[in-house]
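A short write-up of the structure that comes next.
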Amino acid sequence: MPACTAIRTDYNKKADAAAERLERKQITRQAYDKLGDLRQQGEDAFKRCFTERAPQQPAFAAATGQAQALLEAAIGK
């Protein structure tokens, strides 16, 4: 999902910028640490976005149906 990927990309850019500012001593380690793990925040935001939007996609319903059929075949239903 492009919208969800854009969210993660934005967090990664913020993380890169913060790391660069820390390396250049433009911010302190304490200020950097206060930002938290921006990459993890981005992953979490991506997952929330995907969880909310994926079920609304037609391809998701088809993939879910295929997965259910494979599971039923595997367990012998």
Side-chain angles (χ1 to χ4, degrees):
M1 308 220 151
C4 301
T5 301
I7 291 170
R8 181 174 46 198
T9 299
D10 185 50
Y11 273 93
N12 286 340
K13 285 179 184 177
K14 289 176 185 177
D16 291 342
E20 186 175 319
R21 289 192 343 246
L22 176 65
E23 189 174 305
R24 291 181 178 185
K25 299 185 191 282
Q26 294 173 331
I27 60 173
T28 64
R29 171 55 85 172
Q30 184 180 17
Y32 178 80
D33 290 344
K34 276 187 174 181
L35 294 173
D37 187 344
L38 291 170
R39 292 188 197 287
Q40 185 59 53
Q41 291 174 33
E43 284 301 313
D44 294 345
F46 172 83
K47 289 175 187 175
R48 279 191 304 275
C49 177
F50 188 86
T51 300
E52 291 171 2
R53 294 175 185 227
Q56 300 166 2
Q57 303 299 311
F60 184 81
T64 301
Q66 289 175 343
Q68 185 65 37
L70 288 171
L71 178 61
E72 289 175 1
I75 61 174
K77 279 192 170 184

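All residue numbers in this chain count up from 1 along the given sequence. Computed over heavy atoms, backbone and side chain alike; hydrogens, waters and symmetry mates excluded.
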Pairwise side-chain contact, C4 with R53, heavy-atom cut-off 4.5 Å (strictly under):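 Yes. Closest side-chain heavy atoms under 4.5 Å.
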
For residues E20 and I27, determine if any side-chain heavy atom of one lies less than 4.5 Å from a side-chain heavy atom of the other.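 No - every pair of side-chain heavy atoms lies 4.5 Å or more apart.
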
What distance separates [X] [atom1] from [Y] [atom2], expressed to the nearest 0.5 Å?
X   : Y   : atom1 : atom2 : answer
T28 : R21 : OG1   : CZ    : 10.5 Å
R39 : D16 : CZ    : CG    : 4.5 Å
E52 : M1  : CD    : CE    : 11.0 Å
F50 : E43 : CZ    : CD    : 12.5 Å

Walk me through it: do F46 and I7 pass the test side chain to side chain contact (heavy atoms under 4.5 Å, CB included)? CA-CA 6 Å; F46 172 83; I7 291 170; 5.6 Å; no

Return the minimal non-hydrogen interatomic distance between C49 and A3, and the atom names on each side.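 Nearest pair, atom of C49 first, then A3: SG-C, 4.4 Å.
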
For R29 and D33: C-alpha separation, side-chain torsions, deciding distance, then whether salt bridge (charged side-chain N to carboxylate O under 4.0 Å, His left out) applies. CA-CA 6 Å; R29 171 55 85 172; D33 290 344; 3.5 Å; yes

Charged tip of K14 within 45° of Y11 ring normal and under 6.0 Å: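 Satisfied, under 6.0 Å and within 45°.
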
Considering only Ile, Leu, Val, Met, Phe, Trp and Tyr, and joining two whenever side-chain heavy atoms are under 4.5 Å apart, list the other residues clustered with L71.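 The other cluster members (ILVMFWY side chains, heavy atoms under 4.5 Å, direct or chained) are I75.
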
Can you tell me if CD on E72 sees more than 12 non-hydrogen neighbours from other groups inside 6.0 Å?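 Yes, CD of E72 has more than 12 neighbouring heavy atoms, counting only those of other groups under 6.0 Å.
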
Under 3.5 Å, is there a donor on one side chain and an acceptor on the other for D44 and Q40?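 Side-chain D/A pair, D44 to Q40: present.
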
